[in-house]
Number of protein chains: 4
Amino acid sequence: MKKLQKQVDAWVSRYKIGYFKPHEILARLMEEVGELAREINHRFGPKKKKYSENEANLGDEMADVIFTLVCLANSLNIDLDSHFQSMIKKYDKRDKNRWERK
Amino acid sequence: MKKLQKQVDAWVSRYKIGYFKPHEILARLMEEVGELAREINHRFGPKKKKYSENEANLGDEMADVIFTLVCLANSLNIDLDSHFQSMIKKYDKRDKNRWERK
Amino acid sequence: MKKLQKQVDAWVSRYKIGYFKPHEILARLMEEVGELAREINHRFGPKKKKYSENEANLGDEMADVIFTLVCLANSLNIDLDSHFQSMIKKYDKRDKNRWERK
Amino acid sequence: MKKLQKQVDAWVSRYKIGYFKPHEILARLMEEVGELAREINHRFGPKKKKYSENEANLGDEMADVIFTLVCLANSLNIDLDSHFQSMIKKYDKRDKNRWERK
């Protein structure tokens, strides 16, 4: 994630406005998760696609969610890699007996 | 809410497809909450409105969220009024000492 | 909804802090929608329930979502009933040919 | 992201249950985004923290969101890196004149 965080920071740094406030980025995150949800329903659910809507892509919507999340992390000086690695360790412990192993 | 639940049921009942599955309605709910989030950012946040987007209305987006939630409740035979009233009672108890009274 | 909006307003009015800012209520809405999502996965999905979690109720989670939404509407002086009725009319028009009728 | 996607896949592969269905992972994503929203309100908003709640960490909640998203991507064979890079290019084009440059 480090490379991603730097890449996003380079992009945001070109603009005067900089990072939004945490609540504003969160609202944006909800918007992007909502667009991903729409795409999930289009592909795997019952919703008829309206013709006026451009063909969006599940992978693109996921990238938008990650971008927004990386903005939030950058704006708060959070190193996502280290949190991700400690989470994997936590899951290892917590879920040891939660799901049946192969 | 009873009137609303009946009204939505009358509307849905006209169509063959009926209510979606719980997970599908939930995805739709996320979509609508995402559109409300976008509108909140447009009005109270930093996001420049794109010209191609139609002027949406905060109240309309809220109505969409409620509609989706009422669909979910109807599809599961849930009486929202009774849950709402018991929730108000629960809040009364729980928050008695949580916020300073006037 | 009018009765609900008044009831929530009476409840909030007892406390000094009053309504939160739109972005703060929106964050709370996401929190409540997330709890509803968890409940949906518990009932209709694959997630094993952890013993430490209290038995929550789908209807209660929906009531929490509605409460939060009503707070947002009240704080912005939005009359949900009128928006709901105009939305039903809009859906009537838009979806006339979208879903097959019975 | 490639390393992350492989790491998550190695973790999931140890369990018989495997990846959930797209709608189920989406519900989980909403749950995790909701927990992040709660944390944002705790730190930057008005919500008094209840004593019974464990101190959670903004970075940990973000890691949970990313984990869930990576599960969704893996289950659908989506390469997040390539979508992320094409998104950055798209943003470059789209936002060229949207925000004032430094």
Side-chain angles (χ1 to χ4, degrees), chain A residues 1 3-4 7-8 10-18 21-23 25-27 29-30 32-34 36-37 39-41 43-45 57-67 69-70 72-73 76-88 90-92 95 98-102, chain D residues 1 3-4 7-8 10-18 21-23 25-27 29-30 32-34 36-37 39-41 43-45 57-67 69-70 72-73 76-88 90-92 95 98-102:
Chain A
M1 303 290 300
K3 207 189 122 203
L4 251 64
Q7 205 176 1
V8 170
W11 186 81
V12 172
S13 302
R14 292 186 305 190
Y15 300 99
K16 265 193 189 161
I17 192 168
K21 287 179 211 152
H23 274 94
I25 306 180
L26 181 68
L29 182 66
M30 292 166 63
E32 300 295 359
V33 172
L36 176 59
E39 215 48 37
I40 296 275
N41 257 359
R43 298 287 170 92
F44 306 102
N57 186 295
L58 271 172
D60 291 349
E61 298 298 346
M62 288 181 204
D64 285 343
V65 174
I66 291 171
F67 179 85
L69 206 63
V70 168
L72 185 57
L76 300 169
N77 285 314
I78 287 172
D79 174 9
L80 288 173
D81 269 331
S82 71
H83 285 279
F84 196 85
Q85 295 312 322
S86 68
M87 179 215 58
I88 288 275
K90 188 189 70 182
Y91 276 22
D92 273 353
D95 293 351
R98 201 172 174 203
W99 307 107
E100 202 186 346
R101 298 195 76 145
K102 278 183 189 166
Chain D
M1 303 291 299
K3 206 190 124 204
L4 252 63
Q7 205 176 2
V8 170
W11 186 81
V12 172
S13 301
R14 291 186 304 189
Y15 300 99
K16 266 193 187 161
I17 192 168
K21 288 179 212 151
H23 274 94
I25 306 180
L26 181 69
L29 182 66
M30 291 166 64
E32 300 295 359
V33 172
L36 176 59
E39 215 48 37
I40 296 275
N41 257 359
R43 298 286 170 91
F44 306 102
N57 186 295
L58 272 172
D60 291 350
E61 298 298 345
M62 288 181 203
D64 285 342
V65 174
I66 291 171
F67 178 85
L69 206 64
V70 168
L72 185 57
L76 300 168
N77 285 314
I78 287 172
D79 174 9
L80 288 173
D81 269 332
S82 71
H83 286 279
F84 197 85
Q85 296 312 323
S86 68
M87 179 215 57
I88 288 275
K90 189 189 70 182
Y91 275 24
D92 273 353
D95 293 352
R98 200 171 174 202
W99 308 107
E100 200 185 347
R101 298 195 78 146
K102 277 185 189 165

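In what follows, every chain begins at residue 1, and chains take the letters A, B, ... in the order their sequences are listed.
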Measure distances from [X] to the heavy atoms of chain D and classify the residue's part below 4.5 Å as side chain, backbone, both or neither.
X: Leu26(A); value: side chain
X: Leu29(A); value: side chain
X: Met62(A); value: both
X: Ser82(A); value: neither
X: Lys21(A); value: neither
X: Asp79(A); value: neither

Could you measure the distance from the CD1 atom of Ile78(A) to the CG atom of Asn57(D)? Nearest 0.5 Å is fine.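 So the CD1 of Ile78(A) and the CG of Asn57(D) are separated by 6.5 Å.
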For the residue pair Tyr91(D) and Glu32(A), what are the closest heavy atoms and their distance? OH-OE2, 4.2 Å
Give the minimum heavy-atom separation between Asp60(D) and Ser86(A), together with the two atoms involved. OD1-OG, 4.3 Å
Is the closest side-chain heavy-atom distance between [X] and [Y] below 4.5 Å?
X: Leu4(A); Y: Asp81(D); value: yes
X: Phe84(D); Y: Val8(A); value: yes
X: Leu69(A); Y: Leu36(D); value: yes
X: Ile66(A); Y: Ile66(D); value: no
X: Gln7(A); Y: Gln85(D); value: yes
X: Asp92(A); Y: Arg14(D); value: yes

Contacting moiety of Ile40(D), where chain A heavy atoms sit under 4.5 Å: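 Both backbone and side chain.
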Options Lys16(A), Met87(A), Lys3(A), ranked by heavy-atom pairs under 4.5 Å with chain D, top entry: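 Option with the top pair count is Lys16(A).
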Max heavy-atom pair count under 4.5 Å with chain D, selected residue of Met30(A), His23(A), Met1(A): His23(A)
Any idea which of Val65(D), Val33(D), Leu72(D) has the most non-hydrogen atom pairs under 4.5 angstrom with chain A? Leu72(D)
